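Naming convention: chains lettered A, B, ... in sequence-line order (proteins, then strands); numbering from 1 in each chain. Small disclaimer: the values here were computed from a predicted structure and weren't measured.
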Number of protein chains: 2
Amino acid sequence: MTKPDKRQEIVRAALDLFAEQGFHGAPMALIAERAGVGAGTIYRYFENRDILIQELYKELEAEITPFITDGYSDQAPFRARFLHLGTRFLRYCIEYPLHFRYLEQFHNSPYGVAYRRDKLLGKEGQCNVFTELFEQGCAQQVVKDFPLPMLCALLFGPLLSVARDHILGFLQLDDSMIERTIEACWDAIKR
Amino acid sequence: MTKPDKRQEIVRAALDLFAEQGFHGAPMALIAERAGVGAGTIYRYFENRDILIQELYKELEAEITPFITDGYSDQAPFRARFLHLGTRFLRYCIEYPLHFRYLEQFHNSPYGVAYRRDKLLGKEGQCNVFTELFEQGCAQQVVKDFPLPMLCALLFGPLLSVARDHILGFLQLDDSMIERTIEACWDAIKR
DNA sequence: AAAAATGGAATGAACATTCACTCTATTCAT
DNA sequence: ATGAATAGAGTGAATGTTCATTCCATTTTT
């Protein structure tokens, strides 16, 4: 119960602190304290701060795809699939606000840009459920004739913004509102 | 020619560095060097780093509204006004990439959240061209029945995302693409 | 009793901010 | 008009603080 136990605590503490305070409100000493661990112990599990930050990102990324594709059938009609993925994505953001906030931090940092660039070049892995979906949509001519990043912007732009507002309390997202949000995004991308 | 000269240089250097490197890649010493000024001099014009960051934001904010409302008539039909403002906004982002990157930095930082909260409470100033526009749209029932933050999300979400992609080179925004982008946002909000 | 893991004090680097001093130009006295 | 005095902008080395990271004495596991 020791090996993964401490690592787990460190990851949890780091996630909490980074999400709540941002990367710069979370010194290693604080993470250690929050994890109930000595400062040096972190370095047994993570080579340095940057690597901790990146590992954390990878863990969250690995977690999100299963959540989103739960109950997803790639045989369903395009619109249904779009609504499904969009809804699940937004739900993930508001059900795991700490994860969401962490992901946002990451994306808006130098790490995120570098990461994104790598992704677009060697286009492997990623949220390729969406990539796949949009490419099919283009092929079937059910979505507007836009490059992929544009389609992503039209979906994720609003969703991230709305999730942020919900978490900060500027907006109340209930089931019905979530549904209407995704429908509005659909209006934006449908041909 | 001395008084505003140095201040101007400091502001310019800070904008460049913050936009290019993020708040954390820009120590005061570097800003001073880039401005051709002694490190202490910055403190003659700005009480401290935080205040420099905030003043810079205010300057940019003051600059954007005139740019956006250039050629704008609040008598025009709703759709035309929406397209006008959306287009101008996006143009601003891509014509002044440094300003845009700075504004993004700011919004994604603790400063930004605090600022936003203040704005929503004592709702004065802000991009209230948009606030006004959306409120009229609701009243005239030409836009979907959504709270204001949702309408903002459906417009600014995609625009910011797309501007970012353009600046980072992930996407090429020419005149026609800009127009089509705003039209897609219109599809999202129109009733 | 090794070996591995842990804690946390110690270290050193990076930085924001300060302050004693310099330099310039404006005012004042002659 | 000339030189002395003053004000205050400008400077950057020195200071103090905040961290990430290291190191090793101690504890735990094998």
Discussion item. Rounded to whole Å, how long is the line connecting atom CD of B/E9 with atom C1' of D/dG10?
Written reply: 15 Å
Worksheet item: Is it true that B/D187 and A/K144 make a salt bridge, defined as a side-chain N closer than 4.0 Å to a carboxylate O?
Response: yes
Discussion item. Using ring centroids (six-membered ring only for Trp), state whether A/F130 and A/F156 fall under 6.0 Å.
Written reply: yes
Discussion item. At 4.0 Å (heavy atoms only), tell me whether B/R49 reaches a base, stays on the sugar-phosphate, or touches nothing.
Written reply: sugar-phosphate
Discussion item. Below 4.0 angstrom, which residues in residues 23-34 of chain A have at least one non-hydrogen atom near DNA chain D?
Written reply: A/P27, A/M28
Item to complete: Starting from the first five and the last five pairs of the helix from C/dA1-D/dT30 to C/dT30-D/dA1, work out the angle between the resulting helix axes, to 10 degrees.
Response: 10°
Listing, residues 94-104 of chain B side-chain donor-acceptor contacts under 3.5 Å, not counting sequence neighbours, or none:
{"unit_1": "B/H99", "atom_1": "ND1", "unit_2": "B/E63", "atom_2": "OE2", "d": "2.8"}
{"unit_1": "B/H99", "atom_1": "ND1", "unit_2": "B/Y92", "atom_2": "OH", "d": "3.3"}
{"unit_1": "B/Y102", "atom_1": "OH", "unit_2": "B/I53", "atom_2": "O", "d": "2.6"}
{"unit_1": "B/E104", "atom_1": "OE1", "unit_2": "B/R164", "atom_2": "NH1", "d": "2.8"}
{"unit_1": "B/E104", "atom_1": "OE2", "unit_2": "B/R164", "atom_2": "NH1", "d": "2.8"}

Item to complete: Return the value, rounded to whole Å, for the distance between atom CZ of A/F46 and atom P of D/dT22.
Response: 16 Å
Worksheet item: How close or far is atom P of D/dC24 from atom CZ of A/R44, stated in whole angstroms?
Response: 14 Å
Worksheet item: Shared ILVMFWY cluster between A/L159 and A/F67, side chains joined below 4.5 angstrom?
Response: yes
Worksheet item: Is it true that A/R12 and A/E9 have a side-chain N and a carboxylate O under 4.0 angstrom from each other?
Response: yes
Worksheet item: Does the pair A/E55/A/K58 count as a salt bridge with the N-to-O cut at 4.0 Å?
Response: yes
Item to complete: Take atom CG of A/D5 and atom P of C/dA4, then tell me their distance rounded to the nearest Å.
Response: 21 Å
Item to complete: Check the distance between D/dC23's C1' and A/I42's CD1 and give it to me in whole angstrom.
Response: 16 Å
Worksheet, complete the sentence: Of the listed C/dT6, C/dG7, D/dT11, the closest approach to the A/V37 side chain comes from C/dG7
Discussion item. Once rounded to the nearest 0.5 Å, what's the spacing between atom NE2 of A/H166 and atom CG of A/L90?
Written reply: 8.5 Å
Practice prompt. Ignoring the backbone of A/Y43, work out which of D/dA20, D/dA9, C/dG8 is nearest its side chain.
Written response: D/dA20
Worksheet item: Tell me, which pairs form a salt bridge (charged side-chain N to carboxylate O under 4.0 Å, His left out) where one or both residues lie in residues 82-94 of chain B, sequence neighbours left out?
Response: B/D70-B/R88, B/R91-B/D175
Worksheet item: Can you say whether the rings of A/Y115 and A/F106 are parallel (under 30°), tilted (30 to 60°) or perpendicular (over 60°)?
Response: perpendicular
Worksheet entry | Contacting residues from residues 14-21 of chain B, given that a heavy atom lies under 4.0 angstrom of DNA chain C | none
Item to complete: Determine whether the side chains of B/R81 and B/Q75 contain a donor N or O and an acceptor N or O closer than 3.5 Å.
Response: no
Discussion item. Nearest to the B/T41 side chain among D/dG12, C/dT6, D/dG10, which nucleotide is it?
Written reply: D/dG10
Item to complete: May I have all residue pairs that pass salt bridge (charged side-chain N to carboxylate O under 4.0 Å, His left out) and include part of residues 23-40 of chain A, sequence neighbours excluded?
Response: A/D16-A/R34, A/E20-A/R34
Worksheet item: When you check the side-chain N and O atoms of A/Q105 and A/Y57, is any donor under 3.5 Å from an acceptor?
Response: no
Worksheet entry | Presence of A/Y45 side-chain N/O under 4.0 Å of C/dA5 phosphate oxygens OP1/OP2 | no
Fill in: Protein-nucleotide distance (A/E47, atom CD; D/dA20, atom C1'), rounded to Å
13 Å
Worksheet item: For B/G36 and A/N48, take the nucleotide of DNA chain D holding the closest heavy atom to each; which residue's nucleotide lies nearer the 5' end?
Response: B/G36
Worksheet item: Do the side-chain N or O atoms of B/K6 get closer than 4.0 angstrom to the phosphate oxygens (OP1, OP2) of D/dG8?
Response: no
